[in-house]
**Q** 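Mind having a look at this structure? Questions to follow.
Residue numbers start from 1 in every chain, and the chains themselves are labelled A, B, ... in the order their sequence lines are given, proteins ahead of strands.
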Number of protein chains: 2
Amino acid sequence: MAGIEEVARRAGVSAATVSRALSGRGHVSAATRAKVLEAAAALGYVVSSSASALATGRMRNVGVVIPFLNRWFYGAVLEGAESALLAQGYDLTLYNLGGGAEERHSVFEHFLLRKRVDAVIAVSLELTESEVQRLHDLRKPMVGVGGPLPGVRTLSIDDIAVSRLATEHLIGLGHRRIAHIGGDRAVEMDFHLPTNRRIGYQEALAAADIPTDPALFHPGDFTMQGGYEAAKQLLGAPHDRPTAIFAASDEMAIGAILAARDLGLDVPRDVSVVGIDDHDLAAFFGLTTVAQYPMLQGRMAVDVLMQELHPGHPEPASLNTPLPFDLVVRSSTARPDAGRG
Amino acid sequence: MAGIEEVARRAGVSAATVSRALSGRGHVSAATRAKVLEAAAALGYVVSSSASALATGRMRNVGVVIPFLNRWFYGAVLEGAESALLAQGYDLTLYNLGGGAEERHSVFEHFLLRKRVDAVIAVSLELTESEVQRLHDLRKPMVGVGGPLPGVRTLSIDDIAVSRLATEHLIGLGHRRIAHIGGDRAVEMDFHLPTNRRIGYQEALAAADIPTDPALFHPGDFTMQGGYEAAKQLLGAPHDRPTAIFAASDEMAIGAILAARDLGLDVPRDVSVVGIDDHDLAAFFGLTTVAQYPMLQGRMAVDVLMQELHPGHPEPASLNTPLPFDLVVRSSTARPDAGRG
DNA sequence: ATGAAAGCGCTAACAC
DNA sequence: GTGTTAGCGCTTTCAT
């Protein structure tokens, strides 16, 4: 438990010099620095983060508020953020806001109100203006991932464009009866993600002069099972069965593939399926999908914060850039008449 | 950014009294406490965790070191630990040790060496004795989840008993040609989990006088795809096809179910499949499995730490109790001759 | 380039 | 039950 004073003594300098040598702030002669480094190493010295934080006002710690840990998207965002923070010498304090309003309140009191973090990454968190204001008043930089936050810089993909792309892929293959599995309003999902994805689907249909058929929409809860059940309904129709399904997430799309199989339908010959995400399992199931890159999103969120925290920090190239997404074509989509003509 | 002094002034008391009233330590008259609470609320006062930590030596923060974020087991452990910590007023600092030795070293320097955490939960982390010693010297309580750590209290299920149970279930149904998909040594898995699960399998076979057939073992990498490929090999055998497969994880077991389907085999009529975990997807696939309870494991780890951190804390009932696991029978297992006789 | 000294904001003895 | 006082271990002016 060596302190800075011991290191100073051993190096034959003052505590102030040790601090400078170790932090890199201020000028220290090379020789002195070497002595200090040696002494610190020999004593196994480490700064006390609380003492340092008290003196500087900086915690070198950012809070990440996230609604789920065990969903692919969120886990990946977290992973991206964690490694980017670690690389900057920052710690990441995790707040999992699965629960209700009181848990959320408690988290706010907790870290907002305990000066534990220098900044906040809010993943799919819908904050009220007053909550944002609160953070703002405490001069805590904040960045959102996924969905707009009032007055906060937010990283999120263009859900409308993404689902338009997915739908256009199907239309381009010649499909006209394209079903959509999306979220219903009841499903507690962040922002208007389900709605936006449905809008993109409808836009693509409209652009191709394909009328929207309400019978071709079925809600799902963004799980594999939800997609399975929705697809069973959609594909079980005796007449005018859709030739393609666009699911608002890969997990639902995989559920749809399994449902098709259970109905004796071949994917993609009898029905094409496309999802969104490029989930870990997508390749295994041969799922055509629109990839988004959640780890990258986590990393980018960190870049944005670092820029606000350290004004000298290099401008992240991707800062005001729309987030990337790409169509990944695999074997779950094909022309509707493939194998017949 | 009100400080304790302002609260004291507003309440007409000293800073010490404010501290006592707010922390609950020491005696404060009810009337005074009310005044202090009121003043604190009015000013939006919150303690500075760094100042408090510096004065007390307690950070109210525990570090969780975990190798993956996006695998079901680890995500669930994390979720359990997070909510238990939050309930105790502790924060959780996340260290994701996916990478190599240097990343691991960096994490050690980071949090071990920065006095950021009061205690450590090491999930599937293999530490050397000297690393453990280091933590020990810093008097940081530590608890492991999954796998023994030298001189550290560790929570982990009895992998041998778990896989014995799974195998016995199959034997009890009348199976004798039981294949096993486990990890090979090359697969970078924690501790001897794959080996232990294989041992349990062999023990169960031996107890039933069933000889172990090396042809019935196939390694997998604990992913769905890995299980799929292994099962293809196992079930593709022209002669003496196994009538049952015991996979060392649910994800591999699900892969095996999908492989069986692709080979035109019916589960469970032609082949029974059992896994370990009770993964989120297990119910959807009707998978019989041995449930372990990772969220509970995360919570228990916190209980253990709290006990060491606050000696007055109630003894966790489950402390020296072996971790629970249960056979969950669903529709992926049946008698080998079911439907034929 | 280095040292002396004054805090950062809180807590915990110790007095009363 | 409450106030006074002395730090916790660093960082950072301000001198030199």
**Q** Is it the case that the side chains of B/Ser14 and B/Thr17 hold a donor-acceptor pair, with the cut-off being a distance below 3.5 Å and no angle test?
**A** yes
**Q** Could you tell me the separation between the CE atom of B/Met59 and the P atom of D/dG9, rounded to a whole number of Å?
**A**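 That distance rounds to 14 Å.
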**Q** Could you run down nucleotides 9-16 of chain C 5' to 3' and tag each one B, S or - for protein heavy-atom contact under 4.0 Å?
**A** BBSBB---
**Q** Would you kindly give the CG-to-P distance between B/Leu22 and D/dT2, to the nearest whole Å?
**A** 14 Å
**Q** For A/Val123, which of A/Val65, A/Leu97, A/Val64 qualifies under side chain to side chain contact (heavy atoms under 4.5 Å, CB included)?
**A**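 So the option named by the test is A/Val64.
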**Q** Is A/Gln133 close to A/Thr128 at the side-chain level, that is, under 4.5 Å between some pair of heavy atoms?
**A** no
**Q** Tell me: NE2 of A/His27 to P of C/dG3, nearest whole Å?
**A**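 The answer, rounded to whole Å, is 16 Å.
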**Q** Are any side-chain N or O atoms of B/Glu82 and backbone N or O atoms of A/Asn96, one a donor and one an acceptor, separated by less than 3.5 Å?
**A** yes
**Q** Without decimals, in angstroms, what is the distance between A/Arg33 CZ and C/dT2 C1'?
**A**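 Atom CZ in A/Arg33 sits about 13 Å away from atom C1' in C/dT2.
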**Q** Can you check whether A/Met59's main-chain N or O pairs, donor with acceptor, with A/Asp118's side chain at less than 3.5 Å?
**A**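 At least one qualifying donor-acceptor pair exists.
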**Q** Under 30°, 30 to 60°, or over 60°: which ring-plane class applies to B/Phe68 and B/Tyr74, parallel, tilted or perpendicular?
**A**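 B/Phe68 and B/Tyr74: tilted rings.
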